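First the structure, in the form of structure tokens, and then the observations on it.
As the structure is a prediction and not an experimental result, all values here were calculated from the model. Just so it is clear: chains get the letters A, B, ... in the order the sequence lines come, proteins before strands, and each one is counted from 1.
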Number of protein chains: 2
Amino acid sequence: MSISSRFSVGIHILALIEINKNGISTSEFLAASVNTNPVVIRKIIGMLKNAGLVKARPGIAGAELAKELSDITLFDVYKAVNVVQEKELFTVHDNPNPECPVGRNIQKTIGPLFTSAQLAMEKVLKSLTLEDVVKDISTKENIC
Amino acid sequence: MSISSRFSVGIHILALIEINKNGISTSEFLAASVNTNPVVIRKIIGMLKNAGLVKARPGIAGAELAKELSDITLFDVYKAVNVVQEKELFTVHDNPNPECPVGRNIQKTIGPLFTSAQLAMEKVLKSLTLEDVVKDISTKENIC
DNA sequence: ATTACTTGTAATCATAGTAATTACAATTTA
DNA sequence: TAAATTGTAATTACTATGATTACAAGTAAT
């Protein structure tokens, strides 16, 4: 199991819109950088738009950021592209046997433990912003 | 996306083997509690066995714990049942365009960030043991 | 030794999510 | 009006999951 690449592609899109802010970031342009199909990009941009992270309008070429870079956390992107549902990073098997002491308690016992692990991961995503990503890319570019 | 229920089933199996330690935990018995097929249980027990967490032998009915409860962390189970690969909780899209500043850096920039988020989650799993799980189940049982 | 039971494993199947792709309506600009 | 772009729907191939059937191999009891 692995979390969908919509997340990494979403980050890629946002970073590139920023770095290309003097140009026009069409879905075709972004797709060429990500190396995928423009429709895939438009679908993800649609999700980023619903989350208020980018602006885009039918017929008008190019997407723009709707927020400051430092105001967009990786958690915002993660939620926007809908890769993991709340409290559902881990699956807990359903319908365990209620006539067994373990079966009738396992879900309520394991649930909070799994949630706390998920929250720890998400806390890290909340601490990171698109600005961190763009700065790191800029640094790597200057070195090369 | 959600992490396979092999993980929660693995925990269920280990907890039930402990709680049923005076009885014989056959795959059929365990399957009845989990509410799944005995073959699914045997496959997971095979993984737990490879990881040194349980003992089981062909022809001999019942699986037993191979370690103390307090010596088995949820991380041990998580690794045993192979639900998430190292550094691969998140997918990073491959083949981004090397002729774009973002494309040629995104993987090395995002990779460590994703890994740190994954490690934070795994750190929580390392802090929890099967003993915690069994104690919680026992507590819930006594109240009811 | 034969019978009954169990583990271990392979193979098959239905289902769900992913990512790529084609197609096209609706919108804007030149 | 023509060209370009966004936004969607529909289709396809692929992969992982979990359930299931089938069966070989091992063990224990009579």
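- Of all heavy-atom pairs between A15(A) and V133(A), the closest is CB-CG1, 4.4 Å.
- Here dA20(C) presents its C1' atom at 14 Å from CG of N95(B), a figure rounded to the nearest Å.
- Taking 4.0 angstrom as the limit, K43(A) places none of its side-chain polar atoms (N or O) nearer than this to OP1 or OP2 of dA20(C).
- Going from atom CD1 of I41(B) over to atom P of dT20(D) covers 12 Å, rounded to whole Å.
- Contact annotation: R6(B) reaches the phosphate of dT17(D) (side-chain N/O to OP1 or OP2, under 4.0 Å).
- Mapped onto DNA chain D by nearest heavy atom, M1(A) and A56(A) fall at different nucleotides, with A56(A) at the one closer to the 5' end.
- DNA chain D contains the following stems of three or more consecutive Watson-Crick or G-U pairs, with both distances under 3.5 Å: C:1-30 with D:1-30.
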Criterion side-chain hydrogen bond (donor to acceptor under 3.5 Å, both in side chains) on T36(B) and H93(A), from CA distance to verdict: CA-CA 9 Å; T36(B) 185; H93(A) 55 292; over 6 Å; no
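- Rounded to whole Å, atom C1' of dA19(C) lies 11 Å from atom CG of D94(B).
- Ring geometry, F7(A) versus F114(B): the interplanar angle falls under 30°, so the pair is classed parallel (tilted spans 30 to 60°).
- For I13(B) and dT7(C), the CD1 to C1' distance is 14 Å, given to the nearest whole Å.
- Between P58(A) and K49(B), the residue whose closest nucleotide on DNA chain C is further toward the 5' end is K49(B).
- Between S25(A) and the options I41(A), I13(A), L14(A), I17(A), a side-chain contact (heavy atoms from CB on, under 4.5 Å) holds for only I17(A).
- K67(A) contributes no side-chain N or O that, together with a main-chain N or O of G52(A), makes up a donor-acceptor pair within less than 3.5 Å.
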Should E141(B) and R104(A) be marked as a salt bridge (Lys or Arg N to Asp or Glu O under 4.0 Å) after you check the CA-CA gap, both sets of side-chain angles, and the distance that decides it? CA-CA 9 Å; E141(B) 273 297 297; R104(A) 67 171 159 262; 2.7 Å; yes
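- The minimum heavy-atom distance between Q118(B) and L89(B), with the atom names listed, is OE1-N, 3.0 Å.
- OP1 or OP2 of dG18(D) has at least one side-chain nitrogen or oxygen of S4(B) nearer than 4.0 Å.
- Of the side-chain N and O atoms in T26(B), none sit less than 4.0 angstrom from OP1 or OP2 of dT6(C).
- Nearest nucleotide to the side chain of V39(A), out of dA19(D), dG7(D), dT21(C): dT21(C).
- In this structure, CD of Q85(A) is placed 12 Å from C1' of dG17(C), rounded to the nearest angstrom.
- Neither OP1 nor OP2 of dA19(C) sits under 4.0 Å from any side-chain N or O of T36(A).
- Note on S27(A): only backbone sugar-phosphate atoms sit closer than 4.0 angstrom, heavy atoms only; bases stay farther off.
- Between the CZ atom of R42(A) and the C1' atom of dA26(C) there is a distance of 13 Å, given to the nearest Å.
- Between the CG atom of N37(A) and the C1' atom of dA20(C) there is a distance of 6 Å, rounded to whole Å.
- A salt bridge links E131(B) with K135(B): the distance from a Lys NZ or Arg NE/NH1/NH2 to an Asp or Glu carboxylate oxygen falls below 4.0 Å.
- With distances taken from any side-chain atom of I60(A) to the nucleotides dT28(C), dT5(D), dA23(C), the minimum falls on dT28(C).
- E28(A) places its CD atom 13 Å from the P atom of dT21(C), with the value rounded to the nearest Å.
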